[in-house]
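The first residue in the sequence is number 1, and the count goes up from there. Since we're looking at a predicted model, the values are computed, not measured.
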Amino acid sequence: MRILKDSSACIAAGWALGWLVLVPSSWAVSVSGTISANTTWTLANSPYVVTSSVTVNNNATLTIEPGVQVRFNVNTGLTIGSGTAGILKAQGTTTAPITFTSNSATPAPGQWNGIAFTLTTAASILDRCVIEYGGAGINDTNVRVNSSTPTIQNCTIRSSDGHGIFVTGANVRPILLGNAVTANGRYPLRLQIDAFPTSFSGNTFTANGLQLVELFGGSVTANTTMPHPGIPYAVTSSVSVFNNATLTTAPGAQLRFNANTGLTLGAGTAGILNARGTSAQPITLTSNSATPAPGQWNGITFAVTTSASIMDFCVIEYGGAGTNDANLRVASSTPTIQNCTIRSSDGHGIFVTGANVRPVLTGNTVSANGRYPLRLQFDSLPTTFSGNTFTGNGIQMIELVGASMTLSQTLSAPGIPYAVTSSLFVSNSSATLTVQPGVQLRFNVNTGLTVSSGSLMSQGSAASPITFTSNSASPAPGQWNGISLTSTTAPSLLDYGTIEYGGAGTNDANLHVAFSANPTIKNCTIRHSDGYGIFVTGANVRPVLIGNTITANGRYPLRLQVDAFPATFSGNTFTANGFQMIELAGASITVSQTLSYPGFLMR
């Protein structure tokens, strides 16, 4: 060890060479109290020993020259701003950093309070400084930024008994660039979510007690960008984005959520999420548990947002706590969710609810969720719904929750069945429900599909018929209501479909046509009703019935009101029904009709 005693120049040279420089206490300058006029701490007078805490206010600037060493006694600190603003300009160099440290001969974490920016301006700067061994008292950190906007760059911030840096206060926007934050007792960086740095890059975080950046709750009301800091974020209380603000998350970022926390987009006003990962650098939203499991955090809720919200190449996992009951809940919003992996919720993978919500769902993998991979309200079908895969979920179906559809929508073929858990209604004259080939709708007990206004366009193919059936593991006649076509505003079409196991309730048939605008039913298999196969009623209803197979129904294969005889009635087959006849119910014929010969008796 080399000891330099003679001059400040020697002291500076020793520090630059990395020597331990021991200075007699008689050489040190003691400082304490309030600085209310511009002041400079010079290298010539270094080191400075803070014997009781120093506060800079009255818009004064404390300037510290390169190479200066500031040593703090126990439970002292440096506060910038109190009542009025204070400014700190501590700009060291690579060869002559400024050091803020403990005044102990055996320095250890938590021996002084640290530096607190409580009221300052963007003129405050810490550049090429070493801040170490702080964190005592309420600061709990080496550097605390509270309602202030300093620049902290190229600094080494280490060995606090708490955090390295702690940023708090609404819309505080510091600059954090190129810092090395290491060996602190807790988080290297603790951030209030609405106090996110305006510039945040080039920092390294190593060997801290908790190797994550803590994000604690708040409301994001201004556009905020979350870069990928190289370590995960720990979200320790729930975050809301509103006031038309956009939260942008960089590729590769990982957000780990504590128990019963979550991310909500929109509260009164819209919030927008721009989370665009890549296949190589997905964005991950997950549990903050060392042993992650389903239901450990709430998940993401789009409560009020716009079509600008997007999640692309994201992983969302282990959510579903609380009322969300899903990893991802879309309520009254229209985000795009694409190329995402959505897995291991204790409830649903995705839950879409709210009248005429129209998200885009493409290319997602929805896997290993406790209940349905996707729960959809019937009037909130995705505008684009393709390329998704659903594997290993608790219930390998898409749940359709009953509602009245008032806008035209399409039921796409997702590769797994739909489970209809409450009755579906089409109830607007301009609305058309289009069902794609290959779709299978499985109806719970006492549910059904009613088209009271508008139309149903269900056009399968010989290779990909559309199926309407019971949702029972052991299907039997009469387990669901069936389909009821009662619209007088537009004709419906059922082509290459199977309708089976209906007939519950007042329908008493797999297919009930009443007062309808002459639907076409062709190439369909209609079977296993506990009542009729088809029941047609209403004056001058003229359906088209061509090429259908009506079999194994409990009563007549076809019940016709005599003034509602099919306009076209040919190529149908009727086998093994309870009554192998067509029932004609009496009425007054007021328009010309033709009774076709169906191949057996009419009764």
Under the criterion side chain to side chain donor-acceptor pair (under 3.5 Å), I'd like the reasoning laid out for Gln254 against Thr284: C-alpha separation, chi angles, the key distance, then a yes or no. CA-CA 5 Å; Gln254 184 176 137; Thr284 302; 4.8 Å; no
So which heavy atom on [X] is nearest to which on [Y], and how close?
| X | Y | value |
| --- | --- | --- |
| Ser32 | Thr51 | CB-OG1, 3.7 Å |
| Thr120 | Ser124 | OG1-OG, 2.6 Å |
| Thr249 | Ile283 | O-CD1, 3.4 Å |
| Val68 | Tyr48 | CG1-CD1, 3.8 Å |
| Asp379 | Ala403 | OD1-CB, 3.6 Å |
| Trp297 | Glu317 | NE1-O, 2.7 Å |

Heavy atoms, side chains only, cut-off 4.5 Å: are [X] and [Y] in contact?
| X | Y | value |
| --- | --- | --- |
| Ser345 | Pro294 | no |
| Ile337 | Ile342 | yes |
| Val70 | Val50 | yes |
| Phe117 | Val143 | yes |
| Leu212 | Tyr187 | yes |
| Ile316 | Ile300 | yes |
| Val54 | Ile35 | yes |

Taking atom CZ of Arg276 as the centre, does the number of heavy atoms from other residues, nucleotides or ligands within less than 6.0 Å exceed 12? no
Using a strict cut-off of less than 4.0 Å between a Lys/Arg side-chain nitrogen and an Asp/Glu carboxylate oxygen, indicate whether Arg375 and Asp325 qualify as a salt bridge. no
Electrostatic pair Arg186:Asp140 at N-O distance under 4.0 angstrom: yes
Does Phe302 have Arg329 sitting over its ring (NZ/CZ under 6.0 Å from centre, angle to axis within 45°)? no
Would the distance check show the side chain of [X] and the main-chain N or O of [Y] forming a donor-acceptor pair, the cut-off being under 3.5 Å?
| X | Y | value |
| --- | --- | --- |
| Thr246 | Asn244 | no |
| Asn364 | Asn339 | yes |
| Thr84 | Asn58 | yes |
| Asn142 | Gly134 | yes |
| Asn260 | Asn298 | no |

Given Val56, which partner from the list Thr34, Ile87, Leu62, Thr61 fulfils the side chain to side chain contact (heavy atoms under 4.5 Å, CB included) test? Leu62
